[in-house]
Amino acid sequence: MNIEELRQYCLSLPDSNEKLPFERFFHGTHSILAFYTGGHIFCFIDIDNPDICTVKCPAELRDELTERHDGIVQPYNMNPRGWIGLRLESDLSDTEIRSLIRQSYDMVRNGKGKTKAKNRRRM
């Protein structure tokens, strides 16, 4: 799968859109293309180095997937408990990549990919 096929697939999912979310930061990474649903990221890729995309993954599946596929790697700049990196040119088929992107999309869409912020009171 190449970056344009990945982009087309992500945008084909209902209510998804794309943004370059870090371009407004002075020292930010301007080349990260992120795909959103419901205002939350479900997939992103560095368009200057489009070898790996990063998607959400249930923590309980991460180890199994990593053992089974050389194409599943550490996520770019994210917590590996909830995210995985997908090498686009690897032992992963296009169908498997689409399936993992869809799983990430569904997690975000259904609110299962959110971290819960704790309410803290000042004393």
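The analysis underlying the following values was restricted to heavy atoms, covering all of them including side chains, and did not include hydrogens, waters or symmetry mates.
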Any donor-acceptor N or O pair under 3.5 Å, side chains Thr37, Asp15: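 No - no donor-acceptor pair under 3.5 Å links their side chains.
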For residues [X] and [Y], determine if any side-chain heavy atom of one lies less than 4.5 Å from a side-chain heavy atom of the other.
X	Y	value
Arg102	Leu13	yes
Leu20	Leu33	yes
Ile72	Leu86	yes
Arg98	Met1	yes
Ser90	His69	no
Ile84	Leu61	no
Cys10	Ser16	no

Shortest non-hydrogen contact from [X] toward [Y]:
X	Y	result
Lys19	Pro21	O-CD, 3.1 Å
Met107	Pro58	SD-CD, 3.5 Å
Leu88	Cys53	CD2-SG, 4.1 Å
Ile97	Arg87	CD1-O, 4.3 Å
Gly71	Leu92	O-CD1, 3.6 Å
Lys56	Gln103	O-NE2, 4.4 Å

Cluster overlap [X] with [Y], hydrophobic side-chain contacts below 4.5 Å:
X	Y	result
Val73	Leu100	no
Leu6	Ile52	no
Ile101	Val108	yes

Nearest-0.5 Å distance, [atom1] of residue [X] to [atom2] of residue [Y]:
X	Y	atom1	atom2	result
Asn49	Asp51	CG	CG	4.5 Å
Met78	Cys57	CE	SG	13.0 Å
Gln74	Thr54	CD	OG1	10.5 Å
Leu11	Asn17	CG	CG	8.0 Å
Ile3	Glu5	CD1	CD	11.0 Å

Any donor-acceptor pair under 3.5 Å from Arg62 side chain to Pro80 backbone: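 Looks like yes, one N/O pair under 3.5 Å.
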Flag, side chain of Tyr105 to backbone of Cys43, donor-acceptor distance under 3.5 Å: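 Pair absent, no side-chain N/O of Tyr105 close to backbone of Cys43.
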Whether Phe35 and Phe42 hold their rings parallel, tilted or perpendicular, with breakpoints at 30° and 60°: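 Tilted.
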